[in-house]
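Throughout, protein chains are lettered first and strands after them, A, B, ... in sequence-line order, and every chain is numbered starting at 1.
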Number of protein chains: 2
Amino acid sequence: MVNQEAKTPRERYRAQVRTEIKDRAWEQIATAGASALSLNAIAKQLGMSGPALYRYYAGRDELITELVRDAYRSLADAFRAASARPGADVSTLASTLRTWALEDPQRYFLIYGTPVPGYHAPDDITAIASEIMAPILDAFAGLPSSDTAAAFDAHLEEHRDWADGHPAPAAALRRALTFWTRLHGALSLELAGHFTGMGFDPARFYAAELDELTAPRGGDAM
Amino acid sequence: MVNQEAKTPRERYRAQVRTEIKDRAWEQIATAGASALSLNAIAKQLGMSGPALYRYYAGRDELITELVRDAYRSLADAFRAASARPGADVSTLASTLRTWALEDPQRYFLIYGTPVPGYHAPDDITAIASEIMAPILDAFAGLPSSDTAAAFDAHLEEHRDWADGHPAPAAALRRALTFWTRLHGALSLELAGHFTGMGFDPARFYAAELDELTAPRGGDAM
DNA sequence: TCGCGTTCGTTAGAAGTTATAACTCCACCG
DNA sequence: CGGTGGAGTTATAACTTCTAACGAACGCGA
């Protein structure tokens, strides 16, 4: 989307049709979920019939993989932009995540939802996934932390490869990890509709979870 | 499964075939996920061809709904059994949840995974869902709690319908809620494979999260 | 014990889906 | 201005869910 360096008119056209296909795919996914995505329906919407689409994507899997890649990149970009804002902190990231998720729940589930047992994401996608972790680590590395050594911190100190050379202490790593998992827990259950009918406000619960995530504790200060 | 009161031989046979169908469906779901569930394949495995299956289930949706119901009931039963064990506490429930989830990840995702946008679960299923909450509420109601009033607790006091008349204070309700969402966050990300390649032990992280869930805090004692 | 009706399983078929193969045709590049 | 490669087409195969119509078997009641 950024590098629109299309020299030949053919490449320009091809790129345009590809994004058009993805746009329709996102519409379908937003309304009916990823499992209901139909290449045929997309082709019809574009005015061309069926197999023409295979000139642009090798198949359903390749299209979905591309959408997953875009979703990851979108979230990574949102995080990067949010953390670049002056005065940005953990709370900024949290609200960015929630806003991004509510913007298109199915896009969120495309990343953090039910995985297909056989499928393994390509390397460049997992690279973007780790790119998402960086702003979170940054945010927690700058936060004052008076941790007592939780048992998990020591374990984490020996397995900090995923931090990708980030100089944060193990306690910050753990905080970044819990930031991720707890907010995912609250968010995915909300988006999946498991809170409907319970009455309380999901946004307040999310805020309460975030609050506990940032507030230092007394004894085992998290 | 419990009430095997099948009077007529026809009903006996019918019930047996229905469970046979569900067994094959579970096998397929465990290996290929719910989206790849094929009624035709199940019929072939049972030695009968295609449309015969519609005598037993009105369609794919009804079969999946039945599987979802069974999954909920299975988890509810596991929770009930675990909380009935002498010395059972919050940690017991947590390990029960994790064991149950690891036993069949796709069954877990059938409940807490990506929702189909249009679909709305029948009432009896949501009833079982609230039945799952009861043991958690019990466990936290019995735990000593020195909470300062978090803003969310007050909000929760006004929206405690979902607790279904449980006499636990709002603080316990919040703890039960966070128990659910945090463990779901850690568990679903693990099962979805988002921890693979990060190096650390998901079980230890799960234990650390549980630890913080049960340990009372200093200031705002959670 | 015998018949009749319910239910089961079958085949046929419609309307979808993904995906491949073969063919036409136009646009662009040299 | 011609040749080539890419775009889009139809036809086809192999799937899927699901409906309709038919036959056969099973069991209940007389």
**Q.** Residue pair D201(A) / H159(B), side-chain donor-acceptor N/O under 3.5 Å
**A.** no
(Q) If the test is side chain to side chain contact (heavy atoms under 4.5 Å, CB included), which one of M48(A), R12(A), K22(A) qualifies with V17(A)? (A) M48(A)
Q: Could you check how far CD1 of I42(A) sits from C1' of dT17(C), rounded to whole Å?
A: 13 Å
Q: Quickly work out the Q16(B) CD to dC26(D) C1' distance and round it to whole Å.
A: 16 Å
Q) Between D61(A) and G50(B), which is nearer to the 5' end of DNA chain C once each is assigned its nearest nucleotide? A) G50(B)
Q: Select base, sugar-phosphate, or nothing to describe what R60(B) touches, counting heavy atoms under 4.0 Å on all strands.
A: sugar-phosphate
(Q) Taking only side-chain N and O atoms of R55(A), does any of them lie within less than 4.0 angstrom of OP1 or OP2 on dG8(D)? (A) no
Q. Between dC29(C), dG9(C), dA19(C), which one does the side chain of P51(A) approach most closely?
A. dA19(C)
Q) Heavy atoms under 4.0 Å, any strand shown: does Y56(B) hit a base, just sugar-phosphate, or nothing? A) sugar-phosphate
Q. When the distance from NZ of K44(A) to P of dA15(C) is rounded to whole Å, what number comes out?
A. 12 Å
Q) For S38(A) and dT17(C), is the shortest distance between a side-chain N/O and OP1 or OP2 below 4.0 Å? A) yes
Q: Check the distance between dC8(C)'s C1' and E11(B)'s CD and give it to me in whole angstrom.
A: 15 Å
Q: Please determine, by modelled atom types, if T92(B) and D89(B) share a side-chain donor-acceptor pair under 3.5 angstrom.
A: yes
Q. Is Y54(A) near enough to dG6(D) that one of its side-chain N or O atoms lies under 4.0 angstrom from OP1 or OP2?
A. no
Q. Taking atom C1' of dG8(D) as reference, at what distance in whole Å does atom OH of Y57(A) sit?
A. 18 Å
Q: Give L37(B) one of three labels, base, sugar-phosphate or nothing, depending on what nucleic acid heavy atoms sit under 4.0 Å from its own.
A: sugar-phosphate
Q | dT18(C) OP1/OP2 closer than 4.0 Å to side-chain N/O of N40(A) | A | yes
**Q.** Between dC26(D) (P) and Y13(B) (OH): distance, integer Å
**A.** 10 Å
**Q.** Atom-pair distance (CG on L53(B); P on dT19(D)), nearest Å
**A.** 13 Å
Q: Determine whether the side chains of Y206(A) and S95(A) contain a donor N or O and an acceptor N or O closer than 3.5 Å.
A: no
Q. Atom CD of E62(A) and atom P of dA19(C): how far apart are they, to the nearest Å?
A. 10 Å
Q: Using a cut-off of strictly less than 4.0 Å, decide whether R10(B) has a side-chain nitrogen or oxygen near OP1 or OP2 of dT6(C).
A: no
Q: Examine R107(B) relative to W100(B) and say whether NZ or CZ is less than 6.0 Å from the centre of the six-membered ring and inside a 45° cone about the ring axis.
A: yes
